[in-house]
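To start, the structure itself, in structure tokens.
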Protein chains: 2
Amino acid sequence: MATPDRPGFALPLLLLAGFRALIDDLHAELARHGHTELRPAHGFVLQAVGPAGTTASDLGQRLGVSKQAAGKTVDRLVALGYLERVDDPADARRKLVRMTARGHDGLHRSALVFDELRDRWAATLGADRVAAIEDDLRRMVPADVFRLDVPGWFGG
Amino acid sequence: MATPDRPGFALPLLLLAGFRALIDDLHAELARHGHTELRPAHGFVLQAVGPAGTTASDLGQRLGVSKQAAGKTVDRLVALGYLERVDDPADARRKLVRMTARGHDGLHRSALVFDELRDRWAATLGADRVAAIEDDLRRMVPADVFRLDVPGWFGG
DNA sequence: GTAGGATAGTCAACGTGGTTGACGAAATGG
DNA sequence: CCATTTCGTCAACCACGTTGACTATCCTAC
């Protein structure tokens, strides 16, 4: 896509491009370590599942999507071997969603790569600039903007 | 979505959140001006069509997606009244894609809102910080990262 | 002038990620 | 004990992307 010719377009486009650059690098690196099927959204999901596990409904709430959408995503991650479903002994309605060993590995690897990418940015821009970007963004983004609903791009 | 507990996760998440915050504000404002059906991706498409118009194939190349995907998106924008297709008098194979008056209005309005949002960021963070973010990101993003392929989030 | 190859647009099938509505089974609380 | 709530799932649908195949048109080379 061509870079924008209108001045105001630059900021959102650059934020998106920065995100994409990191995500593209992450997944290139993950693929090198055997995680070829992991998609960008999956990392968010693994992160949201967490070490303790959750249910599909709860996962949906954390990700800001419906329980049905969360369930489908869990299906895919289960098929890929990153998650597993186990019956909740305390409540027969619930099915706990837990990370498998592969899931833990993928999430751990992602964290390592992100740390390394941040270091790379710091090496180019300076650690203070990277920290400044993070601080500035934290001031500008509302707390509830960490959502994952992407029907036709974010919100709909 | 919960904020990340791993340090390296913060940067990509904040970049995405910053983008989302701007986009959400943009579309709230666009809706207030009658553009309720315009989705985030549509602005990119209108931008890519440009004042001169294009063809679907060319649009696909500009957006980094297949000509079929570009054609479908054009279909939707045509249905919404933002684009129109006209036969190319010089080449019977081609169908020029052009912005309608509504399309121009939407794009123009987007530019105004983005400028205003950038001013708002500058008012909070300082104009120098905003400019620094843009400069830093320009240094870190490869030129070809402005793409629009979003099958399961960016790249696939 | 015509044969052959490249290009533009479209159709079909499919994958992924989202939505709503409906429904059965299990838990919970008056 | 029954009414309500909650959890998971099914079904239909939409937005956005993919590849492969096909037609129509244009261009070029013989």
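Numbered from 1 within each chain, the chains take letters A, B, ... in sequence-line order.
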Side chain to side chain donor-acceptor pair (under 3.5 Å) contacts in which one or both residues fall within residues 49-60 of chain A, not counting sequence neighbours: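 Checked against side chain to side chain donor-acceptor pair (under 3.5 Å) - neighbours excluded - the pairs reaching residues 49-60 of chain A are A:D58-A:R62.
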Side chain to side chain donor-acceptor pair (under 3.5 Å) partners of residues 69-79 of chain A, not counting sequence neighbours, each pair once: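 Pairs touching residues 69-79 of chain A that pass the test: A:D75-A:R85.
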Check: B:K95 main-chain N/O paired with B:D87 side-chain donor or acceptor under 3.5 Å: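 The answer is no, because no donor-acceptor pair under 3.5 Å joins these two groups.
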Salt bridge flag under 4.0 Å for residues A:E134 and A:R129: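 The answer is no: the pair does not qualify as a salt bridge.
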Contact check, side chains of B:D25 and B:V113, non-hydrogen atoms, under 4.5 Å: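 No, their side chains stay 4.5 Å or more apart.
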Note, B:K67 side chain near B:L59 side chain (heavy atom, < 4.5 Å):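 No, side chains not in contact.
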Upstream residue (5' side of DNA chain D) when B:A70 and B:K67 are each assigned their closest nucleotide: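 Its nearest nucleotide lies further toward 5', so the answer is B:A70.
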Could you tell me the separation between the [atom1] atom of [X] and the [atom2] atom of [N], rounded to a whole number of Å?
{"X": "A:L63", "N": "C:dG18", "atom1": "CG", "atom2": "C1'", "answer": "12 Å"}
{"X": "B:Q68", "N": "C:dA13", "atom1": "CD", "atom2": "P", "answer": "15 Å"}
{"X": "B:K72", "N": "C:dA13", "atom1": "NZ", "atom2": "P", "answer": "12 Å"}
{"X": "A:L59", "N": "D:dT6", "atom1": "CG", "atom2": "P", "answer": "18 Å"}
{"X": "B:Q61", "N": "C:dA6", "atom1": "CD", "atom2": "C1'", "answer": "14 Å"}

Close residues, residues 82-98 of chain B, relative to DNA chain C [heavy-atom separation under 4.0 Å]: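 B:R85, B:R93, B:R94, B:K95, in order of number.
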Tell me what [X] touches on the nucleic acid: a base, only sugar-phosphate, or nothing, going by heavy atoms under 4.0 Å.
{"X": "B:T55", "value": "sugar-phosphate"}
{"X": "B:S57", "value": "sugar-phosphate"}
{"X": "B:A69", "value": "base"}

Any residue of residues 73-80 of chain B with a heavy atom less than 4.0 Å from an atom of DNA chain D: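 By residue number: B:T73, B:R76.
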Phosphate contact (C:dG17 OP1 or OP2) by A:H42 side-chain N/O below 4.0 Å: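 So the side-chain polar atoms of A:H42 do come within 4.0 Å of the phosphate oxygens OP1 or OP2 of C:dG17, strictly under.
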With sequence neighbours excluded, residues passing side chain to side chain donor-acceptor pair (under 3.5 Å) with B:R139: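 Side chain to side chain donor-acceptor pair (under 3.5 Å) check on B:R139 returns nothing, list empty.
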ILVMFWY network linking A:L46 to A:L96, side-chain heavy atoms under 4.5 angstrom: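 In one cluster with A:L46: A:L96, no.
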All pairs passing ring-ring contact (aromatic ring centres under 6.0 Å, His included) where residues 57-106 of chain A contributes a residue, at least two apart: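 Pairs touching residues 57-106 of chain A that pass the test: A:H35-A:Y82.
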